[in-house]
Amino acid sequence: MERHRIVIPDVVIVFAGDSGEGMQLAGVQFAHTSALRGNDIATFPNYPAEIRAPQGTLAGVSSFQLRFGSFEVLTPGDQCDVLVAMNAAALKTHLHLLKRGGILIVNEAGFDRRNLRLAGYPEAENPLTNGSLSDYQLIKLNISQLVGAALADTGLSVREKERMKNMFVLGLLAWLFGRPLETLEELVTAKFRARNPEIAAANSRLLHAGYNFGETSELFASRYEIPQAELAPGVYRSISGNEALVLGFVVAAHKAGLKLFYAGYPITPASEVLHQMSNLLSYDVYPFQAEDEIAAISAAIGAAFGGHLGVTATSGPGFSLMSETLGLAVMLELPLVVCDIQRAGPSTGMPTKPEQADLLQALYGRHGEAPIPVLAAATPADCFQTAYEATRLALHWMTPVIVLSDAFLANGSDLWRIPSVESLPPITPPFATEEHKSNGVFHPYQRDTRGVRPWAIPGTPGFEHRIGGLEKEDITGNVSYDPLNHERMVQLRAAKIEQIAAELPPQTVTLGEPEGELAVVGWGSTYGSIYSAVQECRAQGLPVSHIHLRYLNPLPRNLGQLLRGFRRILVPELNSGHLTQLLRARYLVDAKAYEKVQGIPLTVSELVEVIQERIHHD
Amino acid sequence: MERHRIVIPDVVIVFAGDSGEGMQLAGVQFAHTSALRGNDIATFPNYPAEIRAPQGTLAGVSSFQLRFGSFEVLTPGDQCDVLVAMNAAALKTHLHLLKRGGILIVNEAGFDRRNLRLAGYPEAENPLTNGSLSDYQLIKLNISQLVGAALADTGLSVREKERMKNMFVLGLLAWLFGRPLETLEELVTAKFRARNPEIAAANSRLLHAGYNFGETSELFASRYEIPQAELAPGVYRSISGNEALVLGFVVAAHKAGLKLFYAGYPITPASEVLHQMSNLLSYDVYPFQAEDEIAAISAAIGAAFGGHLGVTATSGPGFSLMSETLGLAVMLELPLVVCDIQRAGPSTGMPTKPEQADLLQALYGRHGEAPIPVLAAATPADCFQTAYEATRLALHWMTPVIVLSDAFLANGSDLWRIPSVESLPPITPPFATEEHKSNGVFHPYQRDTRGVRPWAIPGTPGFEHRIGGLEKEDITGNVSYDPLNHERMVQLRAAKIEQIAAELPPQTVTLGEPEGELAVVGWGSTYGSIYSAVQECRAQGLPVSHIHLRYLNPLPRNLGQLLRGFRRILVPELNSGHLTQLLRARYLVDAKAYEKVQGIPLTVSELVEVIQERIHHD
Amino acid sequence: MTEALHPSVSAKDYASDQEVRWCPGCGDYAILKQVQTVLAELGVPRENVVFISGIGCSSRFPYYMGTYGLHGIHGRAPAIAYGLKITRPELHVWIVTGDGDGLSIGGNHLIHMLRRNMDVTILLFNNEVYGLTKGQISPTSRPGQRTPSTPWGSFEHPFNPVALAFGAGATFVARTMDRDLAHMRSVLKRAAQHRGAAFVEIYQNCPVFNDGAFFAYTEKESKPDNALFLEHGQPLVFGQNRDRGFVLEGTALRLASFSDGLPANLWIHDETDRTKAALLVQLLGTPDDGLPRPFGVLYADHTRPTYEELLAERRQHLVQHHGGGDLSALLRGKNWWTIGS
Amino acid sequence: MTEALHPSVSAKDYASDQEVRWCPGCGDYAILKQVQTVLAELGVPRENVVFISGIGCSSRFPYYMGTYGLHGIHGRAPAIAYGLKITRPELHVWIVTGDGDGLSIGGNHLIHMLRRNMDVTILLFNNEVYGLTKGQISPTSRPGQRTPSTPWGSFEHPFNPVALAFGAGATFVARTMDRDLAHMRSVLKRAAQHRGAAFVEIYQNCPVFNDGAFFAYTEKESKPDNALFLEHGQPLVFGQNRDRGFVLEGTALRLASFSDGLPANLWIHDETDRTKAALLVQLLGTPDDGLPRPFGVLYADHTRPTYEELLAERRQHLVQHHGGGDLSALLRGKNWWTIGS
């Protein structure tokens, strides 16, 4: 039966089920397929902190949000058009995401008495039958049964079959949204083919079964089509923030002609960076799992002293532990990059949830005057650019650099147009040469005109020197307790970091006019939400512009002037107003924060409301 | 011969010599004697980071600055009236402190060729003979010889005699400034009487010899008299900042009826707190030398969980290490006090030198939203009050509290009018009672009207509960990943700290009118210098007021209003403008910093100049 | 650590109302149950018990106990215990940690706690892998172990936790396993009763990231040949037929098989013998080398006083000789004077 | 760690131009001199040598060496060395630390460095006290020691550094003293030549805060009766007349005196014998108990490969089997596609 095809610009699908039901895998593969199909994509995985939370419970639900569209997709979407709920707990925890009138696909087998009880539904109350879902297009399927039937003639166990339910759902959705089944099949079976051909074949069969079920059953009145997005020519892939960070560092080290030493300690959501690095032994990457975060950053300093690129990544608690050692790096003026993949705090907080509440710590979380450049990534793919730029600054200016990402960027993914390595700016570390000697003597703190000291590497005869955490005499680097020398060194270190701004491009307006009524200023992972909201408000005719900051320290040299061109400044942040405070202190502008500290991203709709309110309620 | 006696309001003396020459001892005893004599005092010891830097070198000089007077002495003085220089290095490093026309007492024996070379004087150049000291009243004595002569009939070795030179100088100065020799003798001999009566007797003899030398020689044309200061009735002692901190905590714990658990790790300049605490086993103090600063603060949290007062003190590097654990304390909402005795940074920096560059770290140096009250002490004696108040807040509000002191306060001392224990405000921790149960169940995060949670102590049946660093459900304290609960908890924690301001007295103007042309706003150890400078400028008729902050977080509730009453705001700080930034961000006032980052205190004269300039050069 | 028995208490009385959230099949469940059982057997009132942990799967332990509990931060459980134990020596303090929490980030506090010998019970759940962060190597992971952080197979030399503890000066060193409930119970009970810092390494199976790591020692078929169960005063004998054991020739520790009767120079376990313990903690046999691995109490020093006892002694001595704290005298110090009225 | 000899180099060539600023009489001077001498004897080019330290008196060491040096932060010297050694395995990396820096705050990095067996030389200057912060107890301070933080006499049980190192899995464990220059030189040389992490505890006198702590072992009169100098292949004999030694009876280590000839069961030192080492590291005699304290190389495992070697092996294997890094392929990943032109 040929169904009516509706063309829509984009769609948001949420796969929600128990941790063991393969929701992440289903989401990733569907996203891949959609990207290969020519759509732009954005994804947002969401899983419990526990490794295997008890089956069927609210705490055990794992979900994957995917959006693909025919335009530039900047966020995974506020709400979804399709919700797949594999059990009662998944429905309960994710129904609020489904738009009114949206498609709700449920696995009836996941709504038996036990599942309902575990999800906390009142006794004898079943949402599938009590009419409470009448606002949605409810598609009830006994997926377990359908899968069992499709695989009846295989030797697979019930448990094995249960774990493949996700494939049936994928097949069904492929039919519904016109995704090429072959691509999906290729991606899925590639994962299992070598290790377990039987599983691969069963997966493949279920994809077809789901697809055919859509085709033959009359559950859906129409199918949907999402045209290809207009994308610039190039080579594309989808990429997560953590993957992009790793590639950024690898390429930067390569361009600088250095080994990449990466030290990490397992911590959510930064562990993936360690994993990715560990896979790259043959790319001149030297991965090291340290005994703690202090050892990790210390080791990175050791590598930097040895003349290579030292990198570490962590999250809040580990970043706090690194405070003292970051101060040493400032004193030594050695290049290294520290990534803080922010998560909801304080303390252990909510380890898998995003937040932006480490900004002030990144700026000020060290004793003494210890300025460090701070950069933030805007999107998963932008993590590549941020890592590359952070490395460039670290090596160019002989300084530690902090990169801020968060759980939203780290795990989420979007489309990435792969740059050619040649097109990236060159990186030339200031290695010491004979010219750095005065009367044949090498002075490790003899700065160049930019205020940068030379990098002399052990193994180089004639450049032997000692550096350390004590205040040092200008030029010679010898230990000094002289008051005026100390002040001078504090100023030289600060001036060097401030000087970076002079070499960076001025801040531009990301969207809208360069002056006017309202500037919405953001940083980090809120980029997509803010951009989309400003776009929507501008479409409504509201006088609003978007300014997105990559450089948090030093701030762009023209930022004060730019901000003073707006009557009002709104700063949406996933914290209690960190950037807001910074802008107020620096420029004495009456920036107002929009604070959200829930461990979840900003939605476009809430921002649209806030912008409307700020403009209208004057 | 009866000499002319000149009455002067105050005098500043600097004792400078080699590390082994007892300059600290001489200074402390002279200060004591002066205080007992009825003068107000302020002292500032200054010694090298090395334990025994090589004798005779510039790095080996140790000095002690003492000021006593007939009025309220707020600083040890910008410059000195008398400089005692025991060797060439001491002269070279401290001559800049001596006022033109001041008295310069030198030990000729310390200016032989070796000493001159070690001090870096050009070959064959002796400042004692080349006329370069003609601006001063130069008193050349061969003190070594005089001492040798005075002790000729004792069995003491040359080395022992050499180490007693300081006593001869003390005796001479006692004569010059009319200090009672008996008091000095009593203080000095009490130190040695029991252990070594021979040394005690020799010391005593040298005091007399010095005194008599002044009396009989004709080196000085006059003697000086410093009348008693008018001090409020009461019991007095002199006290250093670190001593005062310890007493503040001991008394506070006593008032709260708790054991005082103190955990510390050796670090300059905080070690003295550990030492003092270790002497107080019989005062219900439980001292613990931890393996590092992380263990120290963790142990303090453990004591707090057990229902007692946990305290730790450290300096910059150790404070940085505590960042993560401070966040845990915020989450647990347990009472403890962390003292940061600031020193010049970053990194190891200059360990014995004061600085105020940890303020922003104290406020923001933790991942996530982790607000903590921050208090700063103004004078050595004020450390008592600050420690007491910090403890009161910690126990009253169930929160960690940070106390900021610095190397200047820690080692310096001034006069302290000892309060009666009864007069101090009561401290009543919010221990959990049966009334805290709902339906027989105890909920550790069921807050009272102030937002404070109850303190339930192990060993109490029926109140068993578990707390930890993960985000917790409001009221029950169970682990929760709910977005809105997280935001609510972040807000509740922040609101509790902000609420403290409501119960504190409003900020007053420390000196001058409550509105006008210029407010000089300070915090911490710069109190004395700023107060004195403002006093001087006001005497010159300048329209300037002094506002000194004890509470850095939360800021006093009326501070914004107060600041807006001034046309200009000047914030002198021993950092790069930390408080300045805070005031600008919070109140959008154009506060301007006067930054000094030299590892030395502000002088009154430099401040007077700055104030004049800010007022005149508009 | 003895207390009047509460005749009515059972293991359940030591459970909290929180749902246990470890993975299905995790060895932690068995340990939880045995700890609760031991507490019931000892009859310690639950309000006097405190569980302190760090971060990791095992560190969720306190939430499941109906006692007092503190789920701290990574690696710091022993450090938190310092302050609690010093100010509240009468409490029963348990530290629950894992091979990552206790030996990687928290290794230093662990060895210092053992050196100081505070009266705490330390349970180190060793599963030779990081669980909560999804499977990286830990300091006890074996060479060759493939994990996300060692896709090419780890080459790090692992710690032997009991050897490290002994080298740090521990007064009680034991090893047991999650799958032998009776053995675990008896070792936990001994540890709880030890006066001082008791260190117990518990082999704990992680079914998700390192399934079967200890099966050679825990499963019926392989256990007799690979696990050597120590009993004080009994010979070191093992094997399906209990026909193998250790004899000593000089310092050479020799494995001997014997068919008829035990040889005279057979090693008799004496848990208080420091010299023997020095050798036992180093014995880390594997199925490959044919040597067994010892389980039970490897070493117990009943003589060294605890930190708390020594501190109390000092305090008592000072109070006796110098009197209790006179606060006014303390405030006045040595040199004070009065002004005015 | 072998290198072509530079015939012309002398100890002085390894000194920096900085004035040495330890206290007069400090044991550190002797160590500095012997380290410079050993480097000259080994003929290591000074540009290939790096000294890394933490914080404390001993940690000023790098400033006085004319090599490369990094004076790090407290306790982290081994951690800094990780990154340097992994990326620059050809360098000669020395770690200089003290009993406070290396065993208190830095204990964890130290034991992990030993476990990992990177090719570094670790000198632990043990003076049983904190010097730079003016005299507090350290983890090796003795019970009864009166310091500003223990005015009533310390009651903490100290670490035995060599036992801790051995328990952590060190491949080279030695002890020497500042006052026996020849012995120190020979031990330092052995340590420098060891392939792997060499741990050397050096008894170092602090004349200011703990003067004479080791005089029983270092001074002419008492040394022969209290110090047992180990030599590979030689019997464990000591005493003014070399008439005392150790015999083994079972695991019982018995001290024996002998007037005529050495007994047959006398312990012959074998530095490669793990079992003997386990006992030797525990032997910590004092003048009070009549037992001696061993000095020299207590244990040396020449077989275990270093971390760097194993890493290089893995890398080589991967490159051989999967090829070197193709950056473009890496950027593209598994799933990529081209759009447009």
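What you see is a predicted model, and the numbers here were worked out from it, not measured in a lab. Chain A is the first sequence line, chain B the second, and so forth, proteins listed ahead of strands; every chain is numbered from 1.
Because its NZ or CZ atom is not both nearer than 6.0 Å to the ring centre of A:Phe305 and within 45° of the ring axis, D:Arg88 does not count as a cation-pi partner of that residue.
For D:His322, no part lies near chain A; criterion is any non-hydrogen pair under 4.5 Å.
In this structure, the side chains of A:Arg466 and D:Ser16 come closer than 4.5 Å at one or more pairs of heavy atoms. Taking 4.5 Å as the limit, some side-chain heavy atom of D:Ile86 sits within range of a side-chain heavy atom of A:Phe261. Inter-residue side-chain proximity for A:Leu470 and D:Arg60 is flagged as met; some heavy-atom pair is nearer than 4.5 Å. A:Ile301 has its side chain out of reach of D:Leu84: every pair of non-hydrogen atoms, C-beta onward, lies at least 4.5 Å apart.
Relative ring orientation between D:Tyr68 and A:His465 is described as perpendicular, the plane-to-plane angle rising above 60° on a 0-90° scale split at 30° and 60°.
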For A:Asn478 and D:Gln18, what are the C-alpha separation, side-chain angles and deciding distance, and is it a side-chain hydrogen bond (donor to acceptor under 3.5 Å, both in side chains)? CA-CA 8 Å; A:Asn478 291 333; D:Gln18 295 295 295; 3.3 Å; yes
Apply side-chain hydrogen bond (donor to acceptor under 3.5 Å, both in side chains) to residues A:Glu291 and D:Tyr82 and explain how you reach the verdict. CA-CA 11 Å; A:Glu291 59 268 26; D:Tyr82 292 147; 2.6 Å; yes
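Within 6.0 Å of atom NZ in D:Lys33, 12 or fewer heavy atoms from other residues, nucleotides or ligands are found, so the atom counts as exposed in its surroundings.
Contacts between residues 304-311 of chain D and chain A, counted as heavy-atom pairs separated by less than 4.5 Å, involve D:Tyr307, D:Leu311.
Minimum heavy-atom separation, D:Thr87 to A:Ala303: OG1-CA, 3.9 Å.
Heavy-atom pairs under 4.5 Å with chain A were tallied for D:Val319, D:Leu318, D:Leu70; the largest tally goes to D:Leu70.
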